[in-house]
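Keep in mind that the numbers below use all heavy atoms, side chains included, and drop hydrogens, waters and symmetry copies. All values reported here derive from a predicted model rather than from experimental measurement. Here is how names work: the chains are called A, B, and so on, in the same order as the sequence lines, proteins then strands, and each is numbered from 1.
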Protein chains: 2
Amino acid sequence: MIKKDTIPPVCALDYAFRRIGGKHKARILWYIFKQDNVMRYGELKKRIQNITSKMLTQTLRELEEDGLLNRKVYAQVPPKVEYSLTTTGMELIPFIDHIGAWGRKQMEKESQ
Amino acid sequence: MIKKDTIPPVCALDYAFRRIGGKHKARILWYIFKQDNVMRYGELKKRIQNITSKMLTQTLRELEEDGLLNRKVYAQVPPKVEYSLTTTGMELIPFIDHIGAWGRKQMEKESQ
DNA sequence: CGGTATCCAAGAAGATACTG
DNA sequence: CAGTATCTTCTTGGATACCG
């Protein structure tokens with residue numbers, strides 16, 4: 001993702017990209033959304049494939065701190081943790097959809 | 001920005017964010033767009049402020065290679081180079097606009 | 001004016017091992 | 001199951017100096 005919060009964002013765009021510009025952030029939001037807005041840690045791990053536990057946990061924590069994800073822990077053994085989008089996170093879905101469509105179009109162009 | 005192209009993107013979202021997820025990329029596209037879609041190197045340098053020549057040049061080159069920017073060199077001394085969005089770059093503007101608006105909203109929330 | 005070149009620091013991400 | 005901890009590597013970005 002982009003950058004520590006030691007330095008304040010220079011503008012709203014900068015701010016926004018720090019929040020969702022990480023390597024997997026947009027995809028995580030998207031996957032959860034598509035899965036009826038609930039996904040467990042292990043499901044995400046399988047879905048993203050090749051991501052390490054460390055990176056996944058770290059990314060999820062950042063999204064949570066930024067108010068884009070809810071984290072619900074069930075007090076049971078073995079543990080169960082569910083992630084879902086907050087209202088704020090939901091507001092990003094149309095843009096993620098849009099940019100994904102753009103990316104798809106470009107990829108098709110390239111492959112010609 | 002995010003990542004070398006040694007490893008192919010895992011999906012369209014990944015692809016897209018590699019292209020515009022860089023530290024200054026979205027802002028550069030936005031500034032040029034707002035300035036009637038033409039900006040000179042020096043103007044960008046002043047506008048972005050604190051960016052080094054190296055980073056600015058590098059970022060502009062990447063945007064050019066990705067087909068988002070046109071680079072027009074005038075054969076004169078002293079040199080003059082103008083950057084403008086391509087059609088593909090233009091297609092990103094609505095998205096950048098929306099995500100900027102989202103960022104603005106979040107920043108306002110935070111400051112309360 | 002619009003860059004390059006070189007070197008170095010900071011930050012992001014990966015490998016591996018381990019745990020309540 | 002859902003993480004932590006630690007160490008290492010890779011990639012990005014910055015400082016500085018210089019050029020056609």
Trainee: Nearest-Å distance, CG (A:Leu60) to C1' (C:dA13)?
Mentor: 15 Å
Trainee: For B:Glu64, which residues count as a salt bridge (charged side-chain N to carboxylate O under 4.0 Å, His left out) partner, sequence neighbours excluded?
Mentor: none
Trainee: Please name all residues satisfying side chain to side chain contact (heavy atoms under 4.5 Å, CB included) with B:Asp97, sequence neighbours left out, ordered by chain then number.
Mentor: B:Trp30
Trainee: Round to the nearest Å and state the distance from A:His24 atom NE2 to C:dA12 atom P.
Mentor: 13 Å
Trainee: Calculate the interatomic distance between A:Gln76 atom CD and C:dG20 atom C1'; express it in whole Å.
Mentor: 15 Å
Trainee: Look at all strands and tell whether B:Tyr74 reaches a base, only sugar-phosphate, or nothing, counting heavy atoms closer than 4.0 Å.
Mentor: nothing
Trainee: Quick one, which residues of residues 27-36 of chain B touch DNA chain D with a heavy atom under 4.0 Å?
Mentor: none
Trainee: Measure from the side chain of A:Met55, starting at C-beta and using heavy atoms only, and say which of D:dG14, D:dG3, C:dA13 lies closest.
Mentor: C:dA13
Trainee: Using the C1' atoms of the five pairs at each end, what is the angle between the end axes of the helix from C:dC1-D:dG20 to C:dG20-D:dC1, to 10°?
Mentor: 60°
Trainee: Taking side chain as C-beta onward, heavy atoms only, is A:Val10 less than 4.5 Å from B:Arg27?
Mentor: yes
Trainee: Does a side-chain N or O from B:Arg40 land closer than 4.0 Å to OP1 or OP2 of C:dC1, or not?
Mentor: no
Trainee: If you compare every side-chain N and O of B:Lys23 against the phosphate oxygens of D:dG14 (OP1, OP2), does one of them come in below 4.0 Å?
Mentor: yes
Trainee: Measure the distance from CD on B:Glu43 to P on C:dC1 and round it to the nearest whole Å.
Mentor: 11 Å
Trainee: Under 3.5 Å, is there a donor-acceptor pair between the side chain of A:Asn37 and the main chain of A:Leu85?
Mentor: yes
Trainee: Can you tell me which residue pairs pass the salt bridge (charged side-chain N to carboxylate O under 4.0 Å, His left out) test with a partner in residues 100-112 of chain A, sequence neighbours excluded?
Mentor: A:Lys105-B:Glu91
Trainee: Mind checking what makes side chain to side chain contact (heavy atoms under 4.5 Å, CB included) contact with A:Val73, not counting sequence neighbours?
Mentor: A:Arg71, A:Val81
Trainee: Atom CD1 of A:Ile51 and atom P of C:dA15: how far apart are they, to the nearest Å?
Mentor: 12 Å
Trainee: Distances under 3.5 Å only, N/O to N/O: pair up the protein atoms with those of nucleotides 4-7 of chain C.
Mentor:
from: C:dT4; atom 1: OP1; to: B:Arg61; atom 2: NH2; distance (Å): 2.9

Trainee: For B:Thr57, what residues pass the side chain to side chain donor-acceptor pair (under 3.5 Å) criterion, not counting sequence neighbours?
Mentor: B:Tyr41
Trainee: Restricting to non-hydrogen atoms, name the atom on B:His24 and the atom on B:Ile48 that form the minimum distance, rounded to 0.1 Å.
Mentor: ND1-CG2, 4.1 Å
Trainee: If you assign B:Lys80 and A:Gln58 each to the DNA chain C nucleotide with the nearest heavy atom, which residue ends up on the more 5' nucleotide?
Mentor: B:Lys80
Trainee: Taking only residues two or more places apart in sequence or in another chain, which ones pass salt bridge (charged side-chain N to carboxylate O under 4.0 Å, His left out) with A:Lys80?
Mentor: A:Glu82
Trainee: For residues 60-112 of chain B, pull every pair meeting ring pair (Phe, Tyr, Trp, His ring centres under 6.0 Å), keeping only residues two or more places apart or in separate chains.
Mentor: A:Phe95-B:His98
Trainee: Any pair with a residue in residues 32-47 of chain A that passes salt bridge (charged side-chain N to carboxylate O under 4.0 Å, His left out), sequence neighbours left out, goes on the list, sorted by first then second residue, please.
Mentor: none
Trainee: Side chain of B:Pro79, heavy atoms from C-beta onward: which of C:dA15, D:dA2, D:dG20 has the nearest atom to it?
Mentor: D:dG20
